[in-house]
Visitor: 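Mind looking over this structure? Questions follow.
None of the values given here were measured: they were computed from a predicted structure.
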Protein chains: 2
Amino acid sequence: MPAKPKSADIAFRKHDHRRCQRQLMSAAKRLCEVRQLRLTSRRRQVLEILLASHRPMGAYDILAELNRGGAVDRIAPPIVYRALEFLVAEGLIHRIESRNAFICCIQPGHQNGAQFLICRDCERIAELENSDRSLLAEANSLGFEVDHSVVEITGLCAECQKHAG
Amino acid sequence: MPAKPKSADIAFRKHDHRRCQRQLMSAAKRLCEVRQLRLTSRRRQVLEILLASHRPMGAYDILAELNRGGAVDRIAPPIVYRALEFLVAEGLIHRIESRNAFICCIQPGHQNGAQFLICRDCERIAELENSDRSLLAEANSLGFEVDHSVVEITGLCAECQKHAG
DNA sequence: GGCATAATGTTATATTATAACGTAACCTAA
DNA sequence: TTAGGTTACGTTATAATATAACATTATGCC
Ligand SMILES: [Zn+2]
Ligand SMILES: [Zn+2]
Ligand SMILES: [Zn+2]
Ligand SMILES: [Zn+2]
């Protein structure tokens with residue numbers, strides 16, 4: 001069974017993230033088995049880096065992480081972008097368009113319709129769990145056939161509102 | 001009175017665009033007067049380029065348009081980006097995050113909450129006129145204070161569905 | 001093993017965006 | 001009217017993000 005956090009704003013709450021991480025990685029492995037896809041070591045590495053937190057990371061941040069430790073043969077951008085492409089396509093991570101960044105998905109296999117709350121202050125991002133149907137209904141009523149939707153709401157999270165007075 | 005197209009999917013319909021263009025430019029001028037802002041010639045030029053169609057354009061496409069005609073002193077990217085920044089801030093154009101592009105706004109002064117339908121085939125983009133309240137309500141119910149929302153729905157427009165069979 | 005395919009690695013380059021600093025235009029108030 | 005503050009524009013250089021093209025290696029299947 002896939003990891004199923006109780007709260008929509010998990011990134012903004014304390015939780016047992018070790019457990020969260022393990023669950024999400026297991027779910028990813030299972031999903032790839034079922035779909036007969038290869039969760040290769042590169043792909044796993046990149047996913048692990050994103051699972052390390054609920055924070056968004058740029059492709060080059062991930063690249064730097066992979067190259068950390070001063071390894072002799074440093075890998076190049078296309079490797080990261082290809083792993084990201086795979087993970088996005090399978091719904092294991094999402095791309096945050098308004099930040100040119102990537103974040104782990106909390107509903108592995110979630111291939112479209114993700115919605116995010118992005119705090120402009122602490123930069124944390126929460127993935128909402130309830131896809132919005134009314135918007136897609138409106139699109140359909142105009143005869144538009146939806147592939148993919150990007151919903152990214154920027155503002156101040158509850159925590160940062162306190163600090164900001 | 002600002003230009004007020006009848007249909008939400010104006011970019012996908014035939015209409016008197018000359019008139020549409022004139023109305024949007026007048027509305028922009030009026031809006032800047034009211035707000036005591038300077039719609040300088042650079043800003044007007046950039047807005048004109050975007051008003052020429054309801055299609056999205058990249059900053060460098062706009063730059064190329066400005067430099068068209070082989071003028072001797074070609075202008076550089078920051079000039080375009082600054083004009084775009086002003087026009088976005090005043091709600092005269094919108095940035096399409098998932099395309100790194102800009103498009104004229106059909107509701108001049110519209111400073112946030114725009115929603116778009118983006119056809120992956122013909123690449124036209126329709127700006128919806130009804131902001132979605134339910135999403136913002138959900139954000140608020142989580143204690144999140146919304147600044148700005150990005151809603152970009154990709155798919156196939158009605159026209160392209162016919163052609164694609 | 002031989003072959004097809006998928007994934008990775010490598011090099012170079014394209015595309016998008018901004019930092020930093022100087023100049024010109026505009027505004028207001030001695 | 002002109003000095004001084006402010007806003008906008010111009011220029012140069014470079015940062016940050018992303019992909020094309022092609023070589024190599026790993027994997028699965030017969
Ligand atoms: Zn967690
Ligand atoms: Zn998700
Ligand atoms: Zn028009
Ligand atoms: Zn608009």
Visitor: Both A:R82 and B:N100 contact DNA chain C. Which one's nearest nucleotide lies toward the 5' end?
Guide: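 On the 5' side of the pair lies A:R82.
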Visitor: Has B:T40 got a side-chain N or O lying under 4.0 Å from the OP1 or OP2 atom of D:dT7?
Guide: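 The answer is no; no side-chain N or O of B:T40 sits under 4.0 Å from OP1 or OP2.
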Visitor: Taking OP1 and OP2 of D:dA18, is either one under 4.0 Å from a side-chain nitrogen or oxygen of A:Y81?
Guide: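 True: A:Y81 side-chain N/O within range (under 4.0 Å) of D:dA18 OP1/OP2.
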Visitor: Any base atoms under 4.0 Å from B:R99, or only sugar-phosphate, or nothing? Heavy atoms, all strands.
Guide: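 No contact at all - B:R99 keeps every heavy atom at 4.0 Å or more from the nucleic acid.
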Visitor: Write down the distance between CD1 (A:I62) and C1' (D:dA16), rounded to a whole number of angstrom.
Guide: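 To the nearest whole Å, that distance equals 14 Å.
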Visitor: Map B:P78 and B:R43 onto DNA chain D by nearest heavy atom, then report which one ends up closer to the 5' terminus.
Guide: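 The answer here is B:R43.
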Visitor: Applying the side chain to side chain donor-acceptor pair (under 3.5 Å) test to A:H54, which of A:H17, A:R13, A:Q21 qualifies?
Guide: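 Single pass found, and it is A:H17.
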Visitor: Should B:R95 be listed as having a side-chain N or O under 4.0 Å from OP1 or OP2 of C:dA17?
Guide: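 Affirmative; the distance criterion is met.
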Visitor: Please state how far atom CD1 in A:I75 lies from atom P in D:dT25, giving the value in whole angstrom units.
Guide: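 Spelled out: CD1 on A:I75 to P on D:dT25 is 17 Å.
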Visitor: Figure out the CG/C1' separation between B:L37 and D:dT6, and round it to whole Å.
Guide: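 After rounding, the reported distance stands at 14 Å.
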Visitor: My understanding is that only one of B:R43, B:Q111, B:E85 makes a side chain to side chain contact (heavy atoms under 4.5 Å, CB included) with B:E90; could you say which?
Guide: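 For B:E90, the side chain to side chain contact (heavy atoms under 4.5 Å, CB included) test succeeds with only one of B:R43, B:Q111, B:E85, which is B:Q111.
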Visitor: Would the distance check show the side chain of A:E127 and the main-chain N or O of A:Q115 forming a donor-acceptor pair, the cut-off being under 3.5 Å?
Guide: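 The answer is no, because no donor-acceptor pair under 3.5 Å joins these two groups.
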Visitor: Please determine if a side-chain N or O atom of A:R42 lies less than 4.0 Å away from the OP1 or OP2 oxygen of C:dA7.
Guide: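 No.
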Visitor: Please confirm whether any donor atom in the side chain of A:Y60 sits under 3.5 Å from an acceptor in the base of D:dA15, or the reverse.
Guide: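 Between D:dA15 and A:Y60, which were checked side chain against base, a qualifying N/O pair under 3.5 Å is absent.
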Visitor: Could you check whether any side-chain heavy atom of B:R44 comes within less than 4.5 Å of a side-chain heavy atom of B:M25, counting everything from C-beta outward?
Guide: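 Side-chain contact under 4.5 Å: yes.
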